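Okay, so here's the structure we're looking at.
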Protein chains: 2
Amino acid sequence: MRRAGHNRGAARDALIDLFAIEGCALTPQEIEGRLSSDRPVARASVYRALELLHSLRLITRIDVGDGVARYERAHLDEGHDHHHHHLLCGACGELVGFEDEHLEAVIHELSGRHGFRISEHEVTLRGTCPSCR
Amino acid sequence: MRRAGHNRGAARDALIDLFAIEGCALTPQEIEGRLSSDRPVARASVYRALELLHSLRLITRIDVGDGVARYERAHLDEGHDHHHHHLLCGACGELVGFEDEHLEAVIHELSGRHGFRISEHEVTLRGTCPSCR
DNA sequence: GTGAATGCAAACTCTTTGCATGACT
DNA sequence: AGTCATGCAAAGAGTTTGCATTCAC
């Protein structure tokens with residue numbers, strides 16, 4: 001499916017496998033670490049593969065404001081849309097995903113009202129997780 | 001009002017003045033540029049003042065995913081809450097703010113349902129602005 | 001006068017790029 | 001064989017930190 005003019009290679013394969021397993025957001029560092037325990041992958045290859053997958057809309061980039069990028073697979077499976085957003089704990093840094101169809105509905109409705117043609121949206125809630133309260 | 005144990009200085013004064021004028025998100029680079037046309041302010045002082053104001057909750061940090069931080073004054077005035085979110089044009093990079101009380105209501109309602117105590121939230125819509133269509 | 005804020009410059013981290021090597025088709 | 005992905009190392013950008021100086025109280 002990604003034979004949209006791109007070959008496969010060790011780094012890309014490994015990245016795809018990782019995203020198939022891991023559902024939520026990962027930083028490039030985490031990705032490099034996980035991959036290197038199996039077969040070492042150069043940092044540059046991680047970034048290049050991430051860029052490619054992102055441009056093909058197979059992964060989503062998330063930025064919670066700590067200066068590092070995070071990526072997770074795009075949840076665009078036909079039928080049930082597993083699109084989700086994130087809760088970030090300011091104390092321990094835990095990042096968890098959540099879905100809310102009401103929120104999606106409001107954003108979708110909103111999208112028609114500002115002259116922009118909206119293609120993506122991102123919602124981040126910050127606070128304190130149950131364990132850190 | 002920010003005599004919460006902090007003195008004033010040229011850099012902080014200038015930053016506060018700037019945020020009083022400029023309502024929407026600015027990057028540290030933009031801030032340094034604007035301030036330097038008046039009285040030069042060192043980059044380090046910009047970052048330090050931003051950190052301070054942010055820790056005092058007087059400004060908000062926004063990250064739209066392009067690798068640079070943005071800050072704008074916190075719209076927490078009593079009475080009318082001018083809290084807003086952002087539309088980002090992927091083509092020209094323009095960033096504009098919008099308010100939507102319906103969206104706020106949904107997020108507020110949502111906040112009680114995940115065990116987290118939510119203190120902030122951030123919504124970014126990405127797409128194409130009218131001029132870039 | 002004392003302590004805190006500022007400026008300068010160097011250090012650090014994350015990310016990107018150039019170029020040669022190696023792999024996939 | 002030819003093309004494209006990978007690895008390594010160096011470059012680039014944004015941000016942070018150390019230390020001496022200057023300013024605010």
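Quantities reported herein were computed from a predicted structural model and do not represent experimental measurements. Below, read A as the first sequence line, B as the second, and so on, with proteins coming before strands; counting in each chain starts at 1.
- Residues satisfying the ring-ring contact (aromatic ring centres under 6.0 Å, His included) criterion with A/His114, sequence neighbours excluded, are B/Phe98.
- Sorted by first and then second residue, the salt bridge (Lys or Arg N to Asp or Glu O under 4.0 Å) pairs involving residues 82-97 of chain A (not counting sequence neighbours) form an empty list.
- A search for side-chain contact (heavy atoms from CB on, under 4.5 Å) contacts involving A/Cys24 returns A/Glu72, A/His84, A/His86, not counting sequence neighbours.
- The ring-ring contact (aromatic ring centres under 6.0 Å, His included) search around B/His85 returns B/His83, B/His121, not counting sequence neighbours.
- Sorted by first and then second residue, the salt bridge (Lys or Arg N to Asp or Glu O under 4.0 Å) pairs involving residues 19-28 of chain A (not counting sequence neighbours) are A/Glu22-A/Arg34.
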Can you tabulate the close N/O pairs, meaning under 3.5 Å, that link protein atoms to atoms of nucleotides 8-11 of chain D?
none

Listing time: all N or O pairs from protein to nucleotides 1-5 of chain D that are below 3.5 Å?
{"unit_1": "D/dA5", "atom_1": "OP1", "unit_2": "A/Arg12", "atom_2": "NH1", "d": "3.0"}
{"unit_1": "D/dA5", "atom_1": "OP1", "unit_2": "A/Arg12", "atom_2": "NH2", "d": "3.4"}
{"unit_1": "D/dA5", "atom_1": "O5'", "unit_2": "A/Arg12", "atom_2": "NH2", "d": "3.3"}

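- Recorded end-axis angle for the helix from C/dG1-D/dC25 to C/dT25-D/dA1 stands at 30°, based on five pairs per end and rounded to 10 degrees.
- We find that B/Glu120 and B/Arg57 are joined by a salt bridge, their nearest charged nitrogen and carboxylate oxygen being less than 4.0 Å apart.
- Judged as a ring pair (Phe, Tyr, Trp, His ring centres under 6.0 Å), not a single pair has a partner in residues 17-56 of chain A (not counting sequence neighbours).
- Within a heavy-atom distance below 4.0 Å of DNA chain C, the residues of residues 18-30 of chain A found are A/Pro28, A/Gln29.
- In this structure, B/Ile31 atom CD1 and D/dG14 atom C1' are separated by 13 Å, rounded to whole Å.
- Residues passing the side-chain contact (heavy atoms from CB on, under 4.5 Å) test with B/Ser36, sequence neighbours excluded: B/Glu32.
- Residues meeting the side-chain hydrogen bond (donor to acceptor under 3.5 Å, both in side chains) test with A/Arg39, sequence neighbours left out: none.
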